[in-house]
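As the structure is a prediction and not an experimental result, all values here were calculated from the model. The first residue in the sequence is number 1, and the count goes up from there. Counting convention: from 1, in listed order, for ligands and their atoms alike. Both backbone and side-chain heavy atoms feed into the values below; hydrogens, waters and symmetry mates do not.
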Amino acid sequence: MEHGEKLYACCLVTLLLILCPLTSSLTGQGKALMSVKASFSNEANALLDWDDVQNDDYCSWRGVLCSNFSISVVALNLSNLNLSGEISPAIGDLRSLQSLDLQGNKLTGQIPDEIGNCGSLTLLDLSDNELYGDIPFSISKLKQLEELILKNNQLTGPIPSTLTQIPSLKVIDLARNQLTGEIPRLIYWSDVLQFLGLRGNFLTGTLSPDMCELTGLWYLYVSHA
Ligand SMILES: *[C@@H]1O[C@H](CO)[C@@H](O)[C@H](O)[C@H]1NC(C)=O
Ligand SMILES: *[C@@H]1O[C@H](CO)[C@@H](O)[C@H](O)[C@H]1NC(C)=O
Ligand SMILES: *[C@@H]1O[C@H](CO)[C@@H](O)[C@H](O)[C@H]1NC(C)=O
């Protein structure tokens, strides 16, 4: 190769290396949002402006909040929009998500395992839907999580014992589901926990021995009804 050609090739490669990660992350989050929309089934009116053809600035779409410093989606709030359908596994591609609020819809299906990829989540509120299946173990990968609100769904199976590995959980509300099995030993939740709602499930086991260790707890609701 001539010197000029080499230089050109080199520049081209450098340019591609610089541009590629940028463009793919640009389309990546927008694409993920479009997949999230596609798995809802009556979003036509509610998510009218989620339209990558008319407006590819997904940060301006309803319910989407981007970071002030980048085009990363940090919050998604689609609460009370009467959405049905399912939560797409593509939610896990929104890696910078800190808050996910989908409460008060009619979402069915399972909570996707991929939710565990949203490692920055501090709030996960999927309450008042029709979600079923197990609470995925992957939730315990959300090490920043402070509020886990899954009440009023049809979730079954045990409370994952690995939930106790999330150090910052302040609010756990799993009330009115169909959860079975033992209540994990509360002692692991230490003094950070402020609210624990478990009522309206089929849980067994006792709370008493560990209760005194929960110095921060101000609300506990575990009755069967
Ligand atoms: C962006 O900046 C505004 C004003 O400073 C602030 O109120 C808002 O919380 C910031 N948003 C995010 C997502 O950081
Ligand atoms: C989502 O939006 C609703 C309605 O505006 C609001 O009441 C709610 O607090 C928001 N959720 C979060 C997590 O900010
Ligand atoms: C919610 O969506 C259903 C269709 O899935 C529709 O029949 C119902 O009227 C909607 N309710 C409201 C309050 O928009």
Side-chain angles (χ1 to χ4, degrees), residues 29-30 32-51 55 57-112 114-131 135-136 138-153 155 163 166-177 192-198 216 218-219 221:
Q29 303 224 338
L33 288 169
M34 288 310 287
S35 303
V36 167
K37 174 179 175 177
S39 73
F40 296 147
S41 62
N42 64 336
E43 80 302 340
N45 289 322
L47 302 185
L48 205 58
D49 69 350
W50 286 41
D51 184 338
N55 172 18
D57 175 19
Y58 55 80
C59 296
S60 69
W61 293 351
R62 180 178 201 172
V64 177
L65 183 69
C66 287
S67 154
N68 282 334
F69 311 108
S70 69
I71 43 150
S72 299
V73 178
V74 293
L76 190 56
N77 184 348
L78 301 176
S79 62
N80 298 304
L81 294 180
N82 196 29
L83 296 169
S84 53
E86 301 192 4
I87 302 172
S88 168
I91 202 82
D93 295 337
L94 301 173
R95 299 289 167 105
S96 306
L97 209 55
Q98 293 164 17
S99 171
L100 177 61
D101 185 349
L102 300 178
Q103 67 156 305
N105 286 292
K106 291 190 298 195
L107 299 172
T108 60
Q110 306 205 10
I111 301 172
E114 288 78 359
I115 198 82
N117 297 336
C118 304
S120 303
L121 272 184
T122 57
L123 171 102
L124 177 60
D125 189 346
L126 307 177
S127 60
D128 301 293
N129 278 290
E130 294 159 21
L131 299 167
I135 299 174
S138 63
I139 281 187
S140 50
K141 290 199 286 180
L142 305 176
K143 298 296 185 209
Q144 317 285 323
L145 197 63
E146 295 176 4
E147 296 181 50
L148 176 64
I149 308 174
L150 305 177
K151 70 182 157 76
N152 289 329
N153 279 288
L155 299 168
L163 271 195
I166 306 177
S168 44
L169 267 179
K170 291 183 185 141
V171 174
I172 303 174
D173 198 345
L174 309 176
R176 290 186 294 279
N177 279 286
V192 180
L193 192 67
Q194 295 170 358
F195 183 107
L196 179 64
L198 298 176
W218 54 264
Y219 184 98
Y221 212 156

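- When atom types are taken as modelled, the side chain of Trp50 and the backbone of Trp61 share no donor-acceptor pair closer than 3.5 angstrom.
- By the 4.5 Å heavy-atom criterion applied to side chains, Ile111 and Leu150 are counted as neighbours.
- Identified under the salt bridge (charged side-chain N to carboxylate O under 4.0 Å, His left out) test for residues 118-131, with sequence neighbours left out: Asp128-Lys151.
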>> Could you go through Asp173 and Ser127, starting from their C-alpha distance and side-chain angles, then the distance that decides it, and tell me whether this counts as side chain to side chain donor-acceptor pair (under 3.5 Å)?
In response: CA-CA 9 Å; Asp173 198 345; Ser127 60; over 6 Å; no
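- Protein residues having at least one heavy atom under 4.0 Å from any atom of ligand 2 are Asn77, Ser79, Ser99, Asp101, Leu123, listed by chain and number.
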>> With side chain to side chain donor-acceptor pair (under 3.5 Å) as the criterion, how do Ser41 and Ser84 come out once you've worked through the C-alpha distance, each side chain's angles and the decisive distance to 0.1 Å?
In response: CA-CA 5 Å; Ser41 62; Ser84 53; 2.9 Å; yes
>> Set out, in order, the CA-CA distance, both residues' side-chain angles and the distance that settles side-chain contact (heavy atoms from CB on, under 4.5 Å) for Leu100 and Leu94, then state yes or no.
In response: CA-CA 10 Å; Leu100 177 61; Leu94 301 173; over 6 Å; no
